[in-house]
Amino acid sequence: MTNDDPLARPVLFVAFEGMGLLDLTGPLTVFWSASKFMEQQGRHGYARHTVSLDGGPILTAEGVTIETAPISQFENEAIDTIVVPGALEMEPTLADGRLVRWLAAHSSKARRTASVCAGAFLLAEAGLLDGRRATTHWASCDLLNQRYEKLTVEPDAIFVADGPIWTSAGVSAGIDLSLALVQADCGRDIAMQVARQLVIYMKRPGGQSQFSELLQSQTSASTAFENLHVWISSNLGDERLNVDLLAEQVGMSSRNFARSYKAKTGRTPAKAVELFRLEAARRLLEETEQGVDRIARSCGFGDEERMRITFQRHLAISPRDYRRRFSTRSIAATASACEEV
């Protein structure tokens, strides 16, 4: 069986100028891999079609050109799944309106429609997310929520399935979403084989906040606070990192510092210290063989229990489970096992 198998499930990957390359190729690879495993079992996989409004070459944000078929070619075809990627700059595609109108008219004809990253804005503009839960890249969740009042944004979700509409967080989350779609169609065994072949997790632990919190803190603070963050990172083991001590480092009164820091970074000084400690602990768990209790003390948590509570609150996973999943040794062992399959 091939991509031309008449009984395969048709999946349209909708391309447009400036889209993110991985937003499209990540899900495409998952469905391709699933099809290979399905074919080995004598079952029908997915007929994968990369399409665009006019067909022809589409230039991605990364400068790679993708060849596409005209979307009108499938006007009278039964479509199983529509996958819509996102882009760093969505406004040109939203303003053009043609893809939005196509989605509004054709999504109901497909069994389900899914978006990757900022592709959720196209679904929202088409009215497909009205009254539904949805997610998108962590940096765009607030904008999605402000711009479209009829939907409910779940900012920490890796992906959200609400009826026939699926949305996912930034870029690589499209792979997580696609694995879930494959599992829903083909069963856990096929999805697990795909995950093993691609060396990815069947279900990623925690939410997208584990990838966004500290980065957001680092990119939104002023130069003065960037210097403070360097100092905090060098003194995480000091359990006295309170507002008074931090204010002293930047030459401000405690009250003025606390107010200014919250305004410029979006979080309190205490929360920032907690996140820096969390980041440091994650790095040590990933890259070293130090004991968990020792890491907790060196990062300023005091003991393992306090660190465990912090990990559960932010990442929905314990420090020990985090190490088992994300340490360099664990990843290397997983890759080695996959190569033997």
Side-chain angles (χ1 to χ4, degrees), residues 9-28 31 46-61 65-137 140-141 143-153 159-171 174 177-178 181:
R9 300 171 185 262
V11 182
L12 295 189
F13 298 87
V14 184
F16 55 90
E17 290 290 327
M19 69 175 186
L21 180 62
L22 187 58
D23 283 15
L24 184 141
T25 57
L28 183 58
F31 282 101
Y46 297 95
R48 305 163 307 281
H49 306 282
T50 303
V51 301
S52 64
L53 289 171
D54 301 316
I58 293 292
L59 184 64
T60 66
T65 298
I66 301 292
E67 193 62 37
T68 67
I71 209 166
S72 58
Q73 180 178 319
F74 300 89
E75 187 71 26
N76 299 316
E77 300 289 331
I79 303 302
D80 182 81
T81 304
I82 298 170
V83 179
V84 183
L88 187 62
E89 298 292 339
M90 290 299 301
E91 291 305 324
T93 304
L94 290 168
D96 177 86
R98 292 186 299 156
L99 184 51
V100 169
R101 290 191 293 273
W102 185 90
L103 286 168
H106 292 81
S107 177
S108 61
K109 300 177 183 179
R111 182 166 65 96
R112 61 194 176 191
T113 299
S115 67
V116 180
C117 196
F121 283 83
L122 288 167
L123 270 55
E125 190 72 18
L128 304 182
L129 298 182
D130 289 357
R132 298 187 185 277
R133 297 174 297 110
T135 193
T136 188
H137 189 284
S140 299
C141 282
L143 179 60
L144 184 67
N145 189 50
Q146 295 165 9
R147 190 163 180 170
Y148 304 100
E149 298 179 352
K150 294 182 180 180
L151 60 85
T152 300
V153 177
F159 63 84
V160 172
D162 191 330
I165 308 298
W166 297 57
T167 54
S168 61
V171 191
L177 177 145
S178 300
L181 293 173

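In this chain, numbering begins with 1 at the start of the sequence shown.
- Heavy-atom contacts from other residues, nucleotides or ligands closer than 6.0 Å to CD of E89 number 12 or fewer.
- Between atom OG1 of residue T68 and atom CZ of residue F16 there is a gap of 12.5 Å, rounded to the nearest 0.5 Å.
- Residues F159 and T135 come closest through the heavy atom pair CA-CG2, 4.1 Å.
- Between L12 and Q73 there is no side-chain heavy-atom pair separated by less than 4.5 Å.
- Shown here for P27 and L22, the closest heavy-atom pair between the two residues is CD-O, 3.6 Å.
- Listed for the S168 side chain is a donor-acceptor partner under 3.5 Å among the backbone atoms of S115.
- Shown here are the salt bridge (Lys or Arg N to Asp or Glu O under 4.0 Å) partners of R132, two or more places apart in sequence or in another chain: D162.
- A pairwise comparison of heavy atoms in T65 and P57 identifies CG2-CB, 3.4 Å as the closest pair.
- Of all heavy-atom pairs between A61 and G18, the closest is CB-O, 3.5 Å.
- Listed by first and then second residue, the salt bridge (charged side-chain N to carboxylate O under 4.0 Å, His left out) pairs that reach into residues 13-28 come to none, sequence neighbours excluded.
- Taking both residues in full, the closest heavy atoms of L94 and V100 are given as CD2-CG2, 4.3 Å, listed atom of the first, atom of the second, then distance.
- By the 4.5 Å heavy-atom criterion applied to side chains, L123 and L103 are counted as neighbours.
- Between I66 and L21, some side-chain heavy-atom pair lies under the 4.5 Å cut-off.
- Taking E75 as the reference, nothing meets the salt bridge (Lys or Arg N to Asp or Glu O under 4.0 Å) condition, with sequence neighbours excluded.
- L122 has its side chain within reach of M90: a pair of non-hydrogen atoms, C-beta onward, lies under 4.5 Å apart.
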Which donor-acceptor pairs under 3.5 Å do the side chains of residues 79-88 make with protein atoms, sequence neighbours left out?
unit_1, atom_1, unit_2, atom_2, d
D80, OD1, R111, NE, 2.7
D80, OD1, R111, NH2, 3.1
D80, OD2, R111, NH2, 3.1
T81, OG1, R112, NE, 2.8
T81, OG1, R112, NH2, 3.4

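- The shortest heavy-atom contact between L24 and A15 is CD1-CB, 4.1 Å.
- Partners of Y148 by ring pair (Phe, Tyr, Trp, His ring centres under 6.0 Å), not counting sequence neighbours: none found.
- Distance NE2/H137 to CG/L144: 13.0 Å, rounded to 0.5 Å.
- Considering CG of D130 and CD1 of I165, their distance stands at 10.5 Å, rounded to 0.5 Å.
- Counting only residues at least two apart or on different chains, the ring-ring contact (aromatic ring centres under 6.0 Å, His included) pairs with a member in residues 103-135 are W102-H106.
- In this structure, CD1 on I71 lies 11.0 Å from OG1 on T50, to the nearest 0.5 angstrom.
- P164 has its side chain out of reach of T113: every pair of non-hydrogen atoms, C-beta onward, lies at least 4.5 Å apart.
- Here Y46 contributes atom OH and S178 contributes atom OG; the two are 9.5 Å apart, rounded to the nearest 0.5 Å.
- Proximity of L28 to R48: side-chain heavy atoms (C-beta onward) are separated by under 4.5 Å at one or more points.
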